[in-house]
Amino acid sequence: MENILEIRDMVVDYGIIRALKGVSLDIPKGKIVVILGANGAGKTTTMHAISGVTKAASGQILFEGEEIRNKQPYVIAKHGISQSPEGRLILSGLTVEENLRIGGYILKSRAQMNRNFEQVYDLFPVLKERRNQQATTLSGGEQQMLAMGRALMSKPRLLMLDEPSMGLAPILVEQIFDIIQELNQHGTTILLVEQNAQMALSVAHRGYVLETGKIVTTGSGEELLEDEAVKKAYLGG
Ligand code: ATP
């Protein structure tokens, strides 16, 4: 199977703290991959190293076969990778549409921007209704949709979602996961970090378990749902 992203022996340090101690993982093209791990395991750090926000001290990050480690974030975005960050990071003082526009900053033309607006609005009609509303006045679920929509404005081939279900009511969590699957069915490869392990593994083609900066287990979503250690640590027994 062709991998869209391959990480080999990636090490990330924050000063004297080694947050990632040689992480290797593969993201097959067209699939959903989830990273599970406790608080502080290094999940967000892994995503930030891929998107170039955090520098990796060593290792390889190959996107479609090309080394992208430590390139500038906008260069990596242009390659076709985008991230919906943990905590959504909605920009205050801006409307919904202005927030989306920022997600499309690498686009070359206004026409392309408008086309992508329409696609995001098709996926999240509520954002269209609220396009001129201050983004910070959106509900939690709507803000999550906005964060995802903003990441989709650049039409990424790899979409990274950091805790998309955080703080949402169960019905909204289901909606978000339906949308993740819909995006995937339309061809977007997805890397997902989730506390909601049950939900994440049920949609994932592959999962990795990260513990204090190291991958300790990998398998298909189904395999990990049945794994005793995973059940105990992440699925409430
Ligand atoms: P969570 O689920 O709590 O978000 P995580 O698995 O995403 O956790 P990271 O945020 O990647 O974990 O953090 C990995 C380790 O690196 C933690 O020990 C954290 O304290 C440390 N760390 C993260 N960012 C920094 C930073 N900017 N400076 C120093 N240490 C950091």
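All values reported here derive from a predicted model rather than from experimental measurement. Order of listing sets the numbers, starting from 1, for every ligand and every atom in it.
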Could you pull out all residues at least two apart from T45 that satisfy side-chain hydrogen bond (donor to acceptor under 3.5 Å, both in side chains)?
Y14
According to salt bridge (Lys or Arg N to Asp or Glu O under 4.0 Å), who are the partners of E182, at least two apart in sequence or on a separate chain?
none
Compile the donor-acceptor pairs under 3.5 Å between side chains in residues 57-68 and protein atoms, sequence neighbours left out, one pair per line.
{"residue": "E64", "atom": "OE1", "partner": "R157", "partner atom": "NH2", "Å": "2.8"}
{"residue": "E64", "atom": "OE2", "partner": "R157", "partner atom": "NE", "Å": "2.8"}
{"residue": "E66", "atom": "OE2", "partner": "K71", "partner atom": "NZ", "Å": "3.2"}
{"residue": "E67", "atom": "OE2", "partner": "I61", "partner atom": "N", "Å": "3.0"}
{"residue": "E67", "atom": "OE2", "partner": "R69", "partner atom": "N", "Å": "3.0"}

Flag the pair L225 / Q198 as yes when at least one side-chain heavy-atom distance between them is below 4.5 Å, and no otherwise.
yes
Ignoring hydrogens and geometry, is there a side-chain-to-backbone donor-acceptor pair from K43 to A38 under 3.5 Å?
yes
Is there a donor-acceptor pair closer than 3.5 Å between any side-chain N or O of Q143 and the backbone N or O of L138?
yes
Between ligand 1 and the protein, which N/O pairs fall short of 3.5 Å?
{"residue": "ligand 1", "atom": "2 (O)", "partner": "N39", "partner atom": "OD1", "Å": "3.2"}
{"residue": "ligand 1", "atom": "2 (O)", "partner": "K43", "partner atom": "NZ", "Å": "2.9"}
{"residue": "ligand 1", "atom": "3 (O)", "partner": "N39", "partner atom": "OD1", "Å": "3.2"}
{"residue": "ligand 1", "atom": "3 (O)", "partner": "G40", "partner atom": "N", "Å": "3.4"}
{"residue": "ligand 1", "atom": "4 (O)", "partner": "E86", "partner atom": "OE1", "Å": "3.4"}
{"residue": "ligand 1", "atom": "6 (O)", "partner": "A41", "partner atom": "N", "Å": "3.1"}
{"residue": "ligand 1", "atom": "6 (O)", "partner": "G42", "partner atom": "N", "Å": "2.8"}
{"residue": "ligand 1", "atom": "6 (O)", "partner": "K43", "partner atom": "N", "Å": "2.9"}
{"residue": "ligand 1", "atom": "6 (O)", "partner": "K43", "partner atom": "NZ", "Å": "2.8"}
{"residue": "ligand 1", "atom": "7 (O)", "partner": "T44", "partner atom": "N", "Å": "2.8"}
{"residue": "ligand 1", "atom": "7 (O)", "partner": "T44", "partner atom": "OG1", "Å": "2.8"}
{"residue": "ligand 1", "atom": "8 (O)", "partner": "G40", "partner atom": "N", "Å": "2.8"}
{"residue": "ligand 1", "atom": "11 (O)", "partner": "T45", "partner atom": "N", "Å": "2.8"}
{"residue": "ligand 1", "atom": "11 (O)", "partner": "T45", "partner atom": "OG1", "Å": "2.5"}
{"residue": "ligand 1", "atom": "12 (O)", "partner": "G42", "partner atom": "N", "Å": "3.2"}

